[in-house]
Amino acid sequence: MKTPYQHRNPVVRYTLFVIGWISFVLGMIGLLLPVVPTTPFLLLCAACFLRSSPRFYVWLTEHRWWGKYIRYYLNGQGIPRKIKFLIIAMLWITILTSALLIVKIHWLSVMMISVAAIMSFYIAKQPEPALEIKNTEPLPKNAASNDNPSADKHP
């Protein structure tokens, strides 16, 4: 992950800061509204805070709910399989509900479903982070016999 720093030009720094907060708010709205995406806005927010506010960049990337997933993406590790499934499922539930029940313009419904199909393909093709392998080394032979002192006795 890149090291955050404040841009030297204050106009650029404050512009990025404002864009970062606007994209954060839009990302939070995207949690509630089916048409507004969350992830692109949070990634844009991280990119803006990277060069405008190290404090908020660290806050965003270390957040307990979405920080890990933002870090995975920014580090090029991709999206965990469970999160991919959740994203695609929520995408289709909300898009189909909107396109079939709410939107009455046929071409717009087709467009929404087409965008959902493209987004699903894009998300599915993202790499998945490597699984953390736990230590599964077998116990040494004499460690197992220490637990059962009668195991050493022969008839």
Side-chain angles (χ1 to χ4, degrees), residues 1-139 144:
M1 213 160 57
K2 294 184 177 182
T3 305
Y5 70 90
Q6 290 186 338
H7 199 281
R8 292 192 313 188
N9 184 336
V11 173
V12 173
R13 183 172 59 240
Y14 291 123
T15 302
L16 288 172
F17 187 75
V18 169
I19 292 171
W21 276 111
I22 290 171
S23 63
F24 179 78
V25 169
L26 289 173
M28 293 302 104
I29 291 171
L31 290 172
L32 305 173
L33 296 178
V35 181
V36 180
T38 300
T39 305
F41 285 118
L42 290 181
L43 292 175
L44 176 62
C45 176
C48 290
F49 286 161
L50 178 69
R51 298 295 181 244
S52 66
S53 174
R55 179 176 141 210
F56 286 117
Y57 178 77
V58 169
W59 171 78
L60 183 69
T61 57
E62 297 295 324
H63 194 276
R64 67 179 187 170
W65 290 342
W66 54 73
K68 177 172 63 170
Y69 306 113
I70 292 174
R71 285 192 313 273
Y72 280 157
Y73 192 84
L74 293 177
N75 291 336
Q77 294 174 305
I79 306 169
R81 183 172 292 164
K82 180 173 88 171
I83 301 302
K84 281 185 186 182
F85 177 78
L86 181 66
I87 291 170
I88 292 172
M90 290 303 296
L91 172 72
W92 281 103
I93 288 169
T94 56
I95 290 295
L96 287 176
T97 301
S98 298
L100 300 178
L101 300 177
I102 298 171
V103 176
K104 301 299 181 197
I105 303 170
H106 180 70
W107 68 266
L108 186 57
S109 295
V110 171
M111 179 75 75
M112 290 171 64
I113 292 171
S114 299
V115 169
I118 293 167
M119 288 302 301
S120 297
F121 180 75
Y122 174 77
I123 292 167
K125 295 299 283 180
Q126 291 299 306
E128 295 175 5
L131 297 175
E132 294 179 14
I133 300 173
K134 296 181 180 178
N135 189 2
T136 57
E137 294 179 21
L139 290 173

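Since we're looking at a predicted model, the values are computed, not measured.
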- request: If the plane angle is over 60° it's perpendicular, under 30° parallel, otherwise tilted; pick one for Phe49 and Phe56.
  value: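 Ring orientation, 0 to 90° scale: tilted.
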message: Which label fits His63 and Trp66: parallel for a plane angle under 30°, tilted from 30 to 60°, or perpendicular past 60°?
response: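 Judged by the thresholds at 30° and 60°, the geometry between His63 and Trp66 is parallel.
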Decide yes or no for [X] and [Y]: does some side-chain heavy atom of the first lie under 4.5 Å from some side-chain heavy atom of the second?
X: Leu100; Y: Ser109; result: no
X: Phe85; Y: Arg81; result: no
X: Ser52; Y: His7; result: no
X: Tyr72; Y: Ile79; result: no
X: Leu42; Y: Ser23; result: no
X: Arg13; Y: Arg51; result: no
X: Lys82; Y: Leu86; result: no

Is a side-chain donor or acceptor of [X] paired with a backbone partner of [Y] at a separation under 3.5 angstrom?
X: Ser98; Y: Ile95; answer: no
X: Asn75; Y: Gln77; answer: no
X: Thr38; Y: Leu31; answer: yes

task: Check the surroundings of atom NZ in Lys68: do more than 12 heavy atoms from other residues, nucleotides or ligands lie under 6.0 Å from it?
output: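 No, not enclosed.
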task: Determine whether more than 12 heavy atoms belonging to other residues, nucleotides or ligands lie under 6.0 Å from atom CE of Met28.
output: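 Counting other residues, nucleotides and ligands, CE of Met28 exceeds 12 neighbours.
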Return the [atom1] to [atom2] distance between [X] and [Y], rounded to the nearest 0.5 Å.
X: Met112; Y: Thr97; atom1: CE; atom2: OG1; value: 9.5 Å
X: Ile83; Y: Gln126; atom1: CD1; atom2: CD; value: 14.0 Å
X: Ser53; Y: Trp21; atom1: OG; atom2: CH2; value: 8.5 Å
X: Ile118; Y: Phe121; atom1: CD1; atom2: CZ; value: 10.0 Å
X: Leu50; Y: Cys45; atom1: CG; atom2: SG; value: 11.0 Å
X: Ile102; Y: Leu108; atom1: CD1; atom2: CG; value: 11.5 Å

message: If we check side chain to side chain contact (heavy atoms under 4.5 Å, CB included) with Cys48, which of these qualifies: Leu43, Leu16, Thr15?
response: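 The passing option is Leu16.
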field: is_close_aromatic(Trp59, Phe24), centroid dist under 6.0 Å
entry: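 Yes, close enough.
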Quick one: closest heavy-atom pair of [X] and [Y], and the distance?
X: Ile70; Y: Ala46; value: CG2-CB, 4.2 Å
X: Trp92; Y: Ser120; value: NE1-OG, 2.6 Å
X: Val11; Y: Asn9; value: N-OD1, 3.0 Å
X: Pro129; Y: Gly78; value: CD-C, 4.2 Å

